Amino acid sequence: MTKGSSVHEAVVPSGDDAEKHGVYAAATPSNTVPYADQIPHEMMEGLAPNGEADYIRAHVNAMSEEEALAIVQESLDFHSDDWNFPADMRERMRAYLERGQKGYGEWYERDLRIDAVMMKYSSPYPGVRAVASPLDDEKVPVETMRAYFLGVGWAVIGTFMATFFNSRFPGIGLGGAVIQILLYPCAKVLETVLPDWGFTVFGTRHSLNPGPWTFKEQMFSTITFNIAIYSTNAYTMILVQRSPVFYGLEFVNFGYQLLLTLFVQLMGMGFAGYLRRFSVYPVKALWPTLLPIIAMNRALTKPEPRENINGWTISRYRFFFICAAGMFVYYWIPGYLFTALSTFNWMTWIAPQNLTLAILTGSRLGLGLFNPLTTFDWNVATSSYAALSQPFFATCTMYISAILGGLIILAIYYTNMYNTAYLPINSAAAFANDGTIFDVKKVVVDNKLDAAKLQEYSLPFYSAGYVLTVGANFAFYPVYFFYIMVNQWRTMSQAYADFYRGLRHGKSNYSDDAMDVHSRAMRKYNEVPDWWFLAILAVTIALSVVWIEIYPLGIPAWLVFLLIGINLVFAVPLSFLSATTGTNLGLGALIQIITGYLLPNNPNAFLFSQALGSWALAGYGDNYVQDQKMAHYCKIAPRAVFRSQIGTIIITCFVAVGTQNFILTSVPGLCTEKQPSQFTCMGDGHPMYASSLMWGLLGSERMFGSLYPLFKWCFLMGFGIAVVFLAAQGLGPKYLPGVREGLRRKLRPSTFALLDRTLFPFVASLLWLNPILIIQGIQHWAPSNLSYKTPGFILSYIFMYWLPRRRLAWWAKYNYVLSAALTAGLAVSALIMFFAVGYHPHPLNWWGNTVSGAGVDGSNKGILPIPARGYFGPEKGTFA
């Protein structure tokens with residue numbers, strides 16, 4: 001590396017300035033050589049992307065070689081099990097410890113100090129450095145009245161949108177990326193029109209307009225809004241219980257819904273106090289999905305100079321509104337005028353009645369294989385993967401795994417395993433033995449299974465795609481739990497110990513933060529005491545028990561405490577997985593098995609266990625922790641975040657329940673397959689209903705026994721997969737170099753050179769594969785298929801792989817804005833479209849709107865005909 005032409009004078013703040021700017025080293029440099037002057041301008045842009053260049057230079061110059069070496073040794077050991085730690089940095093540090101200065105090359109004294117400074121005074125993760133400054137000014141306005149007004153106001157709008165489209169497949173929502181774009185112009189309007197009127201409380205002045213809108217206010221409002229994203233999940237339980245398409249329970253009224261939604265939401269908030277020590281304060285918990293949100297907000301609140309980016313000079317805001325307006329207009333084409341462009345199963349149009357063609361390439365009945373162009377609908381294209389924000393390696397791993405899942409589904413189907421060949425190959429619905437949708441009202445009396453009626457009617461049967469989905473769900477739990485706990489044992493055990501010491505001795509969350517500059521910067525703010533979260537948890541437990549006693553659900557109160565116990569054990573590795581990979585998953589499959597064994601013939605107990613055990617605790621708690629990590633990076637006081645979350649939860653619960661009632665009573669054909677506005681409930685209602693039949697009504701013993709005995713072996717398969725990956729990744733680095741050297745000696749140079757370019761890099765990459773992503777790719781089928789995944793994979797390749805390498809400046813400025821703009825334009829367009837032509841249906845009956853479902857791809861046909869007796873499977877009256 002050559003020395004850059006731009007040389008900067010090293011500046012070391014002292015006195016009050018040193019404290020303000022967060023300089024923790026001595027003001028007098030311990031070196032006589034100003035190594036910071038050797039840092040080229042381009043390198044400094046990556047080390048200090050948020051204007052903290054002088055701060056970095058000061059620490060580089062103040063760092064002695066002995067201190068740097070000690071930091072490198074400690075860091076290399078601490079991050080040995082960290083799959084997000086930069087590989088080049090790891091190799092550089094390891095080479096230095098093994099070979100001395102040769103490991104760093106010509107500029108080793110400079111680069112050694114830079115790595116040490118990144119570890120102790122910034123962040124080793126480039127993504128975190130790009131968005132989270134190590135400096136903080138606690139005097140910047142944060143918890144202002146206008147920030148609350150905008151955050152809560154947009155949370156109300158977001159809750160309405162998320163709840164309204166919850167039953168649509170694929171769903172539509174206003175995510176954080178969209179709202180932060182819309183928040184900023186609203187804030188600038190308030191900044192202009194509001195007077196500087198205020199009052200003083202405890203020495204702090206609160207004004208309607210404290211001055212220019214700040215980055216911290218923008219982030220605080222975004223965090224407040226995020227509650228809207230989490231306020232709709234109890235709706236799935238309510239939908240399945242109340243809808244006449246499913247159970248049709250008449251006692252599910254407004255009070256029932258409000259109590260359930262409130263205690264589910266608040267219990268998740270209480271559980272966040274337990275998870276935060278595992279997923280907020282550890283430096284390894286970097287939460288990659290948060291980084292684009294912080295980056296966008298920082299870009300919005302930072303003055304934007306007019307610059308030429310690969311020939312583009314348009315501002316982010318103008319670009320956003322042009323793209324959003326374009327999508328608002330365009331979505332009327334695939335959404336209403338020419339819906340075949342949304343479900344673009346064009347290959348089946350060649351031979352509409354060819355069942356094999358529909359199974360392989362179809363987008364409705366089939367698997368969506370071999371079709372490279374499956375949709376012109378942005379909502380469909382991004383429904384499976386966050387194509388413009390999720391790392392490409394994660395999308396690629398899951399997509400390839402999904403193809404493997406498709407091959408497994410074909411094997412299950414064409415061997416007629418579990419009678420799947422009589423049914424559509426990939427559906428989330430439950431079927432009776434005559435091929436029709438299972439009608440639970442024919443076998444339930446007083447919310448309990450009637451065994452005699454079941455014998456007269458049918459067992460529920462499931463498609464090959466759904467069998468794979470359920471089996472992969474079961475394999476997932478031993479993979480993630482065993483893999484995470486072994487791979488990250490030191491981090492997990494330390495967090496458990498800190499949690500105990502925090503409760504027993506009041507230990508601070510920031511007491512073991514020597515290597516995390518963000519935790520050191522947060523020391524100045526008062527922490528949220530653990531007992532606040534425990535108090536919320538206690539109150540919501542009491543509410544849930546009262547709710548169980550008031551309504552005729554047949555649910556024992558001890559189930560609440562069992563679900564909390566399960567989450568105390570399993571939610572920790574699940575949350576850490578989210579924090580390190582960006583994968584947000586629940587405990588649904590595990591809890592449904594336990595509930596199915598303990599409380600069979602009770603679908604209400606099953607649904608409640610899903611709402612509370614899977615969503616409220618591990619799910620909601622994880623989401624609230626995610627917001628707390630975002631505040632941690634942005635130096636927002638924890639108590640301010642706590643206040644905003646509690647208040648917004650209560651407000652949005654009322655909005656969510658009101659919207660639920662409107663949808664349940666006013667949408668014609670809700671949850672039916674032919675609902676004209678796609679409110680088919682295929683993404684939430686039908687899968688939950690099918691699961692409630694399997695595990696809630698029939699029970700786990702029957703499911704694992706006579707119906708689907710393979711499921712119980714999936715746990716062992718998952719355990720085996722985890723062992724294989726742990727062994728390979730533990731032993732591979734030790735033995736592979738020797739194997740490579742042995743082959744180098746035995747093979748001809750040309751043959752070895754070929755292997756060195758192809759096989760060895762491939763094997764090395766396998767050693768860093770995350771088996772959790774592989775299982776996740778396999779399990780995400782019914783009702784989804786490759787038609788929903790292929791376009792996301794293509795978009796991810798373009799926007800998350802090709803563009804960052806070819807047009808980095810354009811990508812950095814416009815990528816996240818483009819994603820937010822297209823999503824916002826589509827959401828508004830879909831909402832207006834529903835009230836204009838969907839609420840009182842005005843269908844357009846022409847070829848472009850009927851061709852997608854005209855052939856067998858739009859049917860529920862299987863490859864085997866129903867037997868002459870009128871049903872398949874075991875004889876009626878002999879069901880086990």
Side-chain angles (χ1 to χ4, degrees), residues 1-4 38 40 42-43 46 69 72-73 75-77 79-112 114-115 118 124-126 391-401 403-404 407 483 487 720-771 773-774 777 793-794 796-798 800-808:
M1 182 181 296
T2 59
K3 183 178 177 179
Q38 301 174 3
E42 293 78 10
M43 180 187 290
L69 177 60
V72 166
Q73 288 177 320
S75 301
L76 195 59
D77 178 66
H79 290 280
S80 60
D81 56 358
D82 185 355
W83 47 63
N84 288 305
F85 194 79
D88 58 338
M89 194 174 186
R90 188 195 306 272
E91 291 305 314
R92 199 163 55 238
M93 289 177 167
R94 183 180 290 121
Y96 177 74
L97 295 179
E98 293 174 355
R99 304 195 304 271
Q101 68 183 62
K102 292 181 180 179
Y104 272 89
E106 178 184 1
W107 302 96
Y108 85 94
E109 290 184 317
R110 177 198 70 185
D111 292 346
L112 172 66
I114 288 174
D115 282 349
M118 291 301 101
Y125 310 108
F392 177 69
F393 85 89
T395 301
C396 185
T397 302
M398 289 190 288
Y399 183 73
I400 294 174
S401 302
I403 295 174
L404 174 62
L407 298 178
Y483 185 79
N487 195 284
I721 291 170
V723 170
V724 168
F725 271 87
L726 285 169
Q729 293 173 2
L731 300 177
K734 181 178 180 181
Y735 292 104
L736 274 181
V739 173
R740 182 178 178 275
E741 181 63 21
L743 291 175
R744 186 187 67 80
R745 294 173 181 173
K746 295 178 181 180
L747 299 176
R748 291 183 300 177
S750 59
T751 303
F752 179 80
L754 177 63
L755 294 177
D756 204 34
R757 292 193 306 268
T758 57
L759 180 62
F760 293 146
F762 175 71
V763 173
S765 67
L766 291 179
L767 296 180
W768 286 99
L769 272 181
N770 191 325
L773 293 177
I774 296 174
F793 171 76
I794 295 171
S796 181
Y797 174 80
I798 295 172
M800 297 304 294
Y801 182 83
W802 188 86
L803 271 176
R805 286 160 176 78
R806 301 296 182 90
R807 299 289 186 272
L808 178 59

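Keep in mind that what you see is a predicted model, and the values were worked out from it rather than measured. Throughout, residue positions are numbered sequentially from 1 according to the sequence presented. Hydrogens, waters and symmetry mates are skipped; everything else that's a heavy atom, side chains included, is used.
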For Asp88, side chain to side chain donor-acceptor pair (under 3.5 Å) partners two or more places apart: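 For Asp88, no residue satisfies side chain to side chain donor-acceptor pair (under 3.5 Å) once neighbours in sequence are set aside.
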Do Asp111 and Arg92 meet the salt-bridge criterion of a basic N to acidic O distance under 4.0 Å?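 Looking at Asp111 together with Arg92, the answer is no, because their closest N to O distance does not fall below 4.0 Å.
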Return the minimal non-hydrogen interatomic distance between [X] and [Y], and the atom names on each side.
X	Y	result
Arg805	Met800	NH1-O, 4.1 Å
Met398	Leu773	CG-O, 3.4 Å
Pro124	Pro86	O-CG, 3.1 Å
Met93	Phe85	SD-CZ, 4.2 Å

Pairwise salt bridge (charged side-chain N to carboxylate O under 4.0 Å, His left out) hits with a residue in residues 744-753, at least two apart: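 Passing the test, one end in residues 744-753: Glu741-Arg744, Glu741-Arg745.
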Roughly how far apart are [X] [atom1] and [Y] [atom2], rounded to 0.5 Å?
X	Y	atom1	atom2	answer
Asp115	Arg110	CG	CZ	10.5 Å
Tyr797	Trp802	OH	CH2	8.5 Å
Phe793	Ile400	CZ	CD1	6.5 Å

Sub-4.5 Å side-chain heavy-atom contact between His79 and Met89: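 They are not in side-chain contact.
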In the structure I gave you, are the side-chain heavy atoms of Tyr483 and Asn770 within less than 4.5 Å of one another anywhere?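 Touching, per the 4.5 Å side-chain cut-off.
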Does Phe393 have more than 12 heavy atoms from other residues, nucleotides or ligands lying within 6.0 Å of its CZ?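 12 or below, so no.
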Please indicate whether Tyr801 has more than 12 foreign heavy atoms, meaning atoms of other residues, nucleotides or ligands, lying under 6.0 Å from its OH.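 Result for OH/Tyr801: open.
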Please assess Leu755 against Arg740 for the test side chain to side chain contact (heavy atoms under 4.5 Å, CB included), listing each intermediate value before the final yes or no. CA-CA 9 Å; Leu755 294 177; Arg740 182 178 178 275; over 6 Å; no
